[in-house]
Amino acid sequence: VGAESCSCALLSTDPELPFVFVAIIRTIPAGNRARKFVIRDYHLSPMPTRTLCIANQKGGVGKTTTAMNLASGLAKGGERTLLIDHDPQCNCTTGFGLEPTERHPLVTQTPVAISQREVNEDGLQLLPGSRSFKDVDALAKNTEEDRTTLQRHLSSGLHHYDYVVI
């Protein structure tokens, strides 16, 4: 098959979809009309979003520093990264020069796309924390229903990211 008789068609251009659909198309002359045949199609799915959670019950062991530096490093490496500030001290949020929110987006179930904030690094967004005691209690609950709600809420808006660091 000559290069002039093949083309590549991008069949899905919707930025909301977490995949790309591409087809290789062969054009065969047929008199006055050319006929096109799909000779191979590809459903290209990127690697799923990876979630990394930095956790330890002891304070002062570098959880916030590790999360901030890891997220920054991933973004500098070309990865689309979301850093979620889950700590009621909001040191990730203030460390990037932003103010904590009045209510935590995970508690109010505000979509991630609306809640995330740009920081001074390309490829890195931050879901800011909240110092609200009501939100701290809500995020600390350990019921199956709360975990399911949180997981569903998080998974609905993360396909735009390569990594999520909590």
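Because the structure is predicted, anything quoted here is derived from the model rather than measured.
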Rounded at 0.5 Å granularity, tell me how far OG1 in Thr94 sits from CG in Asp85.
7.5 Å
How many angstroms lie between CD1 in Ile166 and SG in Cys92, if you round to the nearest 0.5 Å?
11.0 Å
Is there a continuous path of hydrophobic side-chain contacts, each under 4.5 Å between heavy atoms, that joins Val164 to Met68?
no
Side-chain donor-acceptor distances from residues 51-67 under 3.5 Å, at least two apart:
residue, atom, partner, partner atom, Å
Asn56, OD1, Lys58, N, 3.0
Lys63, NZ, Lys58, O, 2.8
Thr66, OG1, Gly62, O, 2.7

Arg117 side chain vs Gln125 backbone, donor-acceptor pair below 3.5 Å
no
Should Pro105 and Val112 count as side-chain neighbours, where that means a heavy-atom distance under 4.5 Å?
no
What closest approach, in Å, do Pro100 and Thr93 show between heavy atoms, and which atom pair accounts for it?
N-CG2, 3.8 Å
Minimal heavy-atom distance between Arg131 and Gln89, with the atoms involved, is NH2-O, 3.2 Å
Kindly give the heavy-atom pair with the smallest separation between Thr110 and Thr108, and that separation in Å.
OG1-OG1, 2.7 Å
Tell me if a side-chain donor or acceptor on His104 pairs with a main-chain N or O of Ser132 at a distance below 3.5 Å.
no
Of the non-hydrogen atoms in Ala75 and Asp122, which two are nearest, and what is the gap between them?
CB-O, 3.5 Å
Side-chain donor or acceptor of Thr49 paired with backbone N/O of Leu158 under 3.5 Å:
yes
Tell me whether Leu98 is reachable from Val165 by hopping between hydrophobic residues (I, L, V, M, F, W, Y) whose side-chain heavy atoms are closer than 4.5 Å.
yes
Hey, any chance Tyr161 and Leu127 share a hydrophobic cluster, counting ILVMFWY side chains that come within less than 4.5 Å of each other, even indirectly?
yes
Between Arg80 and His160 (side chain of the first, backbone of the second, donor and acceptor by atom type, cut-off under 3.5 Å), is there such a pair?
yes
Minimal non-hydrogen separation, Ser130 against Glu102, with atom names
OG-O, 3.1 Å
Please say yes or no: joined through hydrophobic side-chain contacts below 4.5 Å, possibly via intermediate residues, are Tyr163 and Leu106 part of one cluster?
no
CD (Gln109) with more than 12 external heavy atoms under 6.0 Å:
yes
Can you give me the closest heavy-atom contact between Pro128 and Thr101, atom names plus distance?
CG-CG2, 3.4 Å
Is there a continuous path of hydrophobic side-chain contacts, each under 4.5 Å between heavy atoms, that joins Leu83 to Leu74?
yes
